[in-house]
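For reference, the structure discussed in these notes is given below.
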Number of protein chains: 2
Amino acid sequence: MFGYMDRCMGAVWGSGWALPAGGEGKVLEHSERSSFLPGLCSSSALPPSQPGSLALSCTLHRLPGAVTPTHSLQVLPSARCCPLAPAKPRQAMEGEPTLRLRIFDLNCWAIRYLSKRRQERVRLIGDTLRREGFDLVLLQEVWSEQDYSDLRVKLAGCYPFSHYFRSGVIGSGLCVFSRFPILDTLLYQYSLNGYPYMLQHGDWFCGKSVGLVIIKISGIIFNVYVTHLHAEYCREKDAYLPHRLVQAWELAQFIRHTSKAADVVLLGGDLNMHPEDVGIRLLRGWTGLRDAFAEAMRFEGCKNGCTLVPDNCFIDKSELLPFPLGIRIDYILYKAISSFTVKCEELKTTTGPALGTDIPFSDHEAVMATLHIQRRGQPVGAALGAADLALADVVTEARTEVGVGLQAAQRQRYSSGRMAVLALLLLLLQAAAALGILAGLGTEQPFPKLSFCLLAFLALGVLVLATGLHLFHTMEVKMLHGTKDQMGMALRALQERPSEG
Amino acid sequence: MFGYMDRCMGAVWGSGWALPAGGEGKVLEHSERSSFLPGLCSSSALPPSQPGSLALSCTLHRLPGAVTPTHSLQVLPSARCCPLAPAKPRQAMEGEPTLRLRIFDLNCWAIRYLSKRRQERVRLIGDTLRREGFDLVLLQEVWSEQDYSDLRVKLAGCYPFSHYFRSGVIGSGLCVFSRFPILDTLLYQYSLNGYPYMLQHGDWFCGKSVGLVIIKISGIIFNVYVTHLHAEYCREKDAYLPHRLVQAWELAQFIRHTSKAADVVLLGGDLNMHPEDVGIRLLRGWTGLRDAFAEAMRFEGCKNGCTLVPDNCFIDKSELLPFPLGIRIDYILYKAISSFTVKCEELKTTTGPALGTDIPFSDHEAVMATLHIQRRGQPVGAALGAADLALADVVTEARTEVGVGLQAAQRQRYSSGRMAVLALLLLLLQAAAALGILAGLGTEQPFPKLSFCLLAFLALGVLVLATGLHLFHTMEVKMLHGTKDQMGMALRALQERPSEG
């Protein structure tokens, strides 16, 4: 028998973990789901005499059909427990308990009025999440706040903590449900995200972002990031590659700068990149994040871990013709920063229709990871050293692509600027002609009045649009230029490092 | 005699500080400017036998007219010194050396084609910075990249490290010059920053942001933030208050989340807020930053530390009528995070025309702080506890203002949406009428052709504009809503904390 934190602001956990001093607890219920490896916990874990610990009284009863028949207690310390008070774990030792975390990640494809059978699917997702009881749920493409609210109401019992990230015109589509208290959140909106005039793609209107939620479980600080990068509409001629690379870079930089006080970093989301793409290599190399699929001890699901598969009934099969098995673009990545190790015990993807229905959750398959987090004796330094040279190559490659995008953006800025100037000249010419007529210089009008007016309106329209485009591409140039510079700075730092030793 | 790091990637400093192992150094020059308190340093500071230290040989000569007659050495370790290698300070002890840092902050008002005597002033700023030799220079409103490049070339000798933050259409205007290596940078663009149709104010086009540069001096990690918030055009009816509050909140959140590995946090910039305004109280309360003006042991400059004064020849005196002494809106804020203390020894502002000229640097006065940073025995926890209740009041006040902004944005979103729908209806009506005429239903046209066309174009124009406005205000609503929620979350955390003890 052992206790762990759930729906609470403090932390209590088997051997070596205690509620912060002053915390009060109440046993709420017993459940068969356990977040901790049973072998490493003992009944002597919570001596009631220990300062800051709490006396437990509970009734144990076994639920039928439980998957992991280990005994756990859900303990609810009162709200008087401090959300920010550090729960100090005991000194590292042999047989340190392992925290098991089950994560669910899915691009829900829940676009109001456009996605097929949306409400039915959102209901299905909610039912499954409630039944399965993950620890952490990371969702993308929940574009409608109503869908989020419905999910929140449905999941309030098993995921009492949640956050929806608002951004852009439509929304970021990102939300998180958690069994553990969310201490803080932060949103970083990517500086580049497609073009507002590409209405058929619509990425610009979503304000694509990365959301950060900070969660503390048994005194371990988790920085959990959820994101959705710009879609790839044509792999052969990917006009959005520079933008997606800027996003991957900003994501990596944001994670690096905000995760310094974290023990464990988790990233889940639809990265819209294949595993071998430069963007994902850049992200993994620059942050040191590891791919749960590549590291998993056990895997179950679509072949090669694909998350966009031709068998999915919502998928346009012609789009996946070059990839008969499908593609893997949804990821769970992780790393331990301080004196912890993280291992991926199991990775699963869904495979087609959800249990008891004829439809899948979404046009994407869900990714589900079971991670083991264990404290170890010595803190580890950055493990980047040896891989620096390879990383420098990746940064160089990404920088070249961003440079290509920069040139394209500069051309577009130039041509839209020229168009605006031409339209302005035409307007001025017409104004001069009109003034001339008014002043009686010309005896009669050279054009019919209607054509003259239409032309003026046309010129005005072109002027407004071209000016808008020019401004937009100026911003694009600035951001691409800034990213290229930052990557250059990173490259110099990387190239200087190896000569050290 | 003692050495300190300058223009180098490693760190060397009097008693208790050494170059990282493997670092190589070369004495470059001797200067009278010292970044360290002379009393705390000794000639035995750098025993050449110490592992990782370096042998020094130098010629001391005293420059005439030096202000601080202390002897210092500029030491240049070779590029082989690692920019990221930790320079470990010795254990804390009595008489621990103090690092003295001189910071210069100025809103340069360098708008191309608009700011008066811009080039002359930028030259003047460059000359002064070169002559005075600050450690860190934080500039705002350097809108032209050419001005930045000119400054960089001029200052390459004394400030070898610099960064320009690109953003928005015009640029963020932010740049940093440093005598110490910049290890990394990050830009966070505020989600709200005025309105694109307020051309006369132009803030939207600047992509206002906060820039972060990470600097390591003698093993101490400095997170240096530079920012410029939305201007206040009318204090009585400040339409931009909610936007500025969102910016202040995002700035505070960005600092909190990115500074967790820092030893010292510095923020400089034009915050466009008076010292007693809710935004600055929110920023200071939520981050724990201290105001150099309030903390300074000595002050010299404009009365009350004002940085926008009626005496300035570039200032429109009528704007400052309610404030005969001027206003203080430019700040240097700081705090120590880990086991350091920071004290402000001296704060100065410029007062009118620069030395030997008839013009001031800018329409703002510069702020110059001399900070003392000292390691102390015990790390300090967050010193917020006692002030939690007061902070909760500030967050509540800010949240109310954001709520007022949210209501206004919702009204604007509604009215622009209604306008777009009306324009669309008019267009459809006209299209129906035109089709009717084409189909021969009407025998003759009810309007003259020209008026009909003009009306159609007018409707089209209104439709496009109103749709654009509607989208913009939708984004505004989302961001205000998100910030209000975040503040609510912060408030709950604050209100739960005091009952703990």
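Protein chains get the first letters and strands the later ones, always in sequence-line order, with residue 1 at the start of each.
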**OP:** Mind ranking Ala261(A), Gly168(A), Gly171(A) by heavy-atom pairs under 4.5 Å with chain B and telling me who comes out on top?
**Re:** Gly168(A)

Original post:
For Phe205(B), what residues pass the side-chain contact (heavy atoms from CB on, under 4.5 Å) criterion, not counting sequence neighbours?
Top reply: Leu471(A), Val169(B), Ile170(B), Leu199(B)

Subject >> side-chain contact (heavy atoms from CB on, under 4.5 Å) involving Leu454(A) - partner list, sequence neighbours excluded >> reply: Leu450(A), Cys453(B), Phe457(B)

Original post:
Quick one: do the Tyr164(A) and Ser172(A) side chains pair a donor with an acceptor below 3.5 Å?
Top reply: no

Original post:
Mind checking whether Phe180(B) and Phe161(B) have ring centres under 6.0 Å apart?
Top reply: no

Original post:
For chain A, which residues of residues 459-468 of chain B have at least one non-hydrogen atom nearer than 4.5 Å to it?
Top reply: none

Original post:
Which members of residues 477-491 of chain A, sorted by number, sit under 4.5 angstrom from chain B on a heavy-atom basis?
Top reply: Lys478(A), Met479(A), His481(A), Gly482(A), Asp485(A), Gln486(A), Met489(A)

**OP:** Name the member of Glu145(A), Met475(A), His470(A), His473(A) that forms the most heavy-atom pairs with chain B at distances under 4.5 Å.
**Re:** Met475(A)

Original post:
Pick from Leu212(B), Leu186(B), Leu187(B): which one makes a side-chain contact (heavy atoms from CB on, under 4.5 Å) with Gln253(A)?
Top reply: Leu186(B)

**OP:** Would you tell me whether Ser191(A) and Glu250(A) have side-chain atoms, one donor and one acceptor, within less than 3.5 Å of each other?
**Re:** yes

Original post:
Does a donor on one side chain sit under 3.5 Å from an acceptor on the other, for Ser259(A) and Asn223(A)?
Top reply: no

Subject >> Flag for Ser209(A)-Ser167(A): side-chain donor and acceptor within less than 3.5 Å >> reply: yes

Original post:
What residue in Thr474(B), Asp184(B), Ile214(B) has the most heavy-atom pairs under 4.5 Å with chain A?
Top reply: Asp184(B)

**OP:** Please answer whether the main-chain N or O of Ser338(B) pairs with a side-chain N or O of Asp263(B) as donor and acceptor at a distance below 3.5 Å.
**Re:** no

**OP:** Please confirm whether the backbone N or O of Tyr190(B) pairs with a side-chain atom of Gln247(B), one donor and one acceptor, at under 3.5 Å?
**Re:** no

Subject >> Contacting region of His163(B) [heavy-atom separation from chain A under 4.5 Å] >> reply: side chain

**OP:** Flag the one option from Arg166(B), Lys260(B), Glu476(B) with the top tally of heavy-atom pairs under 4.5 Å to chain A.
**Re:** Arg166(B)

**OP:** Would you tell me whether Thr258(A) and Tyr188(A) have side-chain atoms, one donor and one acceptor, within less than 3.5 Å of each other?
**Re:** no

Subject >> Quiz item: cation-pi between Arg112(B) and Trp143(B), 6.0 Å / 45° >> reply: no

